[in-house]
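Take a look at the structure below.
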Amino acid sequence: MTRIPPLSHDRINRAVSEALSEDLGLVGDITTNATIPETARISTSITARQAGVVSGIELAQAAFAQMNASISFHAEKHDGNATKPGDVIATIAGPARAILSAERVALNFMGAMSGIASLTRDYVNAVAHTKTTIVDTRKTTPGLRAFEKYAVRCGGGRNHRFGLFDAILIKDNHIAACGGIALALKAAKNNASHLVKIEIEVDTLDQLHEVDFAIADCVLLDNMTLDTLREAVGHVDGRALTEASGGVNLDTVAAIAQTGVDLISVGALTHSAPVLDLGLDFKTS
């Protein structure tokens with residue numbers, strides 16, 4: 001499997017700390033503290049209840065570690081691994097109170113991220129017979145973008161820009177406000193660092209014909225029919241990357257890829273992925 005670029009440990013620890021603080025409030029887990037003896041210890045496992053792709057192991061581990069550093073956490077699966085119902089993803093052992101108090105935060109992160117990874121894998125598999133790469137968008141949960149885009153990588157997809165700061169994407173409103181495609185591209189070129197890529201969105205072939213490929217590194221072909229996409233790819237003829245967007249789902253993605261586009265961006269990867277069903281199963285020791 002291709003190595004997945006890792007997450008920042010500082011970012012993981014901050015996010016997990018905030019999530020635990022949100023859950024525990026000012027006085028902690030009053031249910032667990034009222035019903036579980038302080039000295040009780042348990043052995044547990046995070047188990048898959050449906051097929052999918054694992055993502056978020058490090059966040060789950062951090063949740064348990066922050067509750068109690070003595071908790072033992074051993075990953076049986078790794079991010080990017082496929083899993084089926086009944087598979088043990090990780091085993092956890094230690095103080096019962098700490099494990100039960102961290103359970104929901106660990107499963108929330110892992111379930112959401114594994115859901116994104118699983119949906120991404122479905123899209124990647126659907127276009128595997130083509131040259132097209134599946135990429136994500138900025139349609140992410142505020143504050144959780146780094147984790148959601150990491151989950152896309154776990155599923156075999158690639159990341160589009162991370163924010164407004166790392167690439168220029170000239171969209172329809174920029175074009176309208178600037179006064180046209182040619183003016184927008186020239187302004188972008190005059191203001192961009194030599195390391196920054198420039199992409200421009202077009203909705204029609206007429207707009208595509210206005211694109212200066214000496215400036216544009218990529219063209220976003222938005223909401224075009226399959227026939228129009230094929231014609232657009234032919235017009236670009238390798239002078240820039242081509243990216244299709246709009247109307248993309250698991251029923252349409254293969255046909256879109258077969259038009260010859262280099263990239264297909266799918267907002268649903270991060271804004272509509274169902275959570276993967278995971279559970280914490282344990283026995284007293």
Side-chain angles (χ1 to χ4, degrees), residues 1-7 11-12 15-16 19 45-63 73 75-92 103-130 132-160 162 244-245 247-257 263-281:
M1 186 182 73
T2 302
R3 181 178 180 273
I4 303 167
L7 286 164
R11 187 179 291 274
I12 289 172
V16 168
S45 63
I46 297 176
T47 305
R49 292 176 177 166
Q50 66 182 121
V53 177
V54 175
S55 183
I57 287 283
E58 286 188 282
L59 283 96
Q61 184 172 11
F73 184 101
E76 302 289 344
K77 296 275 188 180
H78 300 285
D79 288 348
N81 287 169
T83 190
K84 61 183 185 300
D87 281 354
V88 173
I89 296 171
T91 57
I92 306 104
E103 171 187 358
R104 180 43 50 198
V105 167
L107 293 180
N108 281 351
F109 276 119
M110 275 203 70
M113 292 174 66
S114 297
I116 291 170
S118 302
L119 182 60
T120 301
R121 183 69 55 84
D122 289 341
Y123 275 90
V124 169
N125 288 341
V127 303
H129 61 294
T130 73
T132 303
T133 298
I134 298 296
V135 299
D136 53 27
T137 71
R138 286 170 45 243
K139 296 176 181 178
T140 56
T141 307
L144 298 178
R145 179 172 295 170
F147 305 123
E148 293 178 348
K149 282 182 170 281
Y150 171 82
V152 168
R153 300 198 297 274
C154 291
R158 298 288 183 90
N159 297 144
H160 208 290
F162 264 75
S245 71
V248 182
N249 56 53
L250 283 171
D251 294 327
T252 63
V253 69
I256 294 171
L263 311 165
I264 298 176
S265 53
V266 187
L269 300 182
T270 50
H271 71 57
S272 296
V275 170
L276 190 70
D277 191 6
L278 307 172
L280 190 75
D281 302 321

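Computation of the quantities below employed the complete heavy-atom set of this structure, encompassing side-chain atoms and omitting hydrogens, waters and symmetry-equivalent molecules. Bear in mind the structure is a predicted one, so any value in this text is a computation, not a measurement.
Scanning all heavy atoms of the two residues, the minimum distance from Leu7 to Ala146 falls at CD2-O, 3.6 Å. Taking all atoms of both residues into account, the shortest heavy-atom contact from Leu280 to Leu107 is N-CD1, 4.0 Å. Contact record, Phe109 with Ala19: CE1-CB, 3.8 Å, taken as the closest heavy-atom pair. Minimum heavy-atom separation, Ile46 to Ala60: CD1-CB, 4.3 Å. Smallest separation of non-hydrogen atoms from Tyr150 and Pro6: CE1-CA, 4.3 Å. The heavy-atom pair separating Ala126 from Val253 by the smallest distance is CB-CG1, 3.6 Å.
Between the Arg121 side chain and the Cys154 main chain, a donor and an acceptor come within less than 3.5 Å of each other. Side-chain N or O atoms of Asn159 include none that pairs as donor or acceptor with a backbone N or O of Val152 at under 3.5 Å. Within the 3.5 Å criterion, the main-chain N or O of Val88 finds no donor-acceptor partner in the side chain of Lys77. With Thr47 contributing its side chain and Gly86 its backbone, the two residues share no donor-acceptor pair below 3.5 Å. With hydrogens and angles disregarded, a donor-acceptor distance shorter than 3.5 Å links the side chain of Ser114 to the backbone of Ser55.
Sorted by first and then second residue, the salt bridge (Lys or Arg N to Asp or Glu O under 4.0 Å) pairs with a member in residues 137-153 read Asp136-Lys149; sequence neighbours excluded.
Legend: residues meeting side chain to side chain contact (heavy atoms under 4.5 Å, CB included) with Ala257, ordered by chain and number and at least two apart, are Val127, Thr130, Thr132, Ile264. Applying the side chain to side chain donor-acceptor pair (under 3.5 Å) rule to Arg11 yields no partners; only residues at least two apart in sequence or on another chain are considered. Every residue two or more places apart in sequence or in another chain that forms a side chain to side chain donor-acceptor pair (under 3.5 Å) with Asn108 is listed here: Arg104. Residues meeting the side chain to side chain donor-acceptor pair (under 3.5 Å) test with Asp277, sequence neighbours left out: none. For Ser265, the side chain to side chain donor-acceptor pair (under 3.5 Å) partners are Glu243, not counting sequence neighbours.
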Exercise for the section: Using the side chain to side chain contact (heavy atoms under 4.5 Å, CB included) rule, take Leu59 and Met110 through it: C-alpha gap first, then chi angles, then the decisive distance, then the call. Expected result: CA-CA 7 Å; Leu59 283 96; Met110 275 203 70; 6.0 Å; no

Exercise for the section: Show your reasoning for whether side chain to side chain contact (heavy atoms under 4.5 Å, CB included) applies to Phe147 and Thr140. Expected result: CA-CA 10 Å; Phe147 305 123; Thr140 56; over 6 Å; no

Handout entry: Verdict with supporting geometry, Val54 and Asp87, side chain to side chain contact (heavy atoms under 4.5 Å, CB included)
Key = CA-CA 11 Å; Val54 175; Asp87 281 354; over 6 Å; no

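Side-chain contact check for Thr83 versus Leu278: every heavy-atom pair is 4.5 Å or farther apart.
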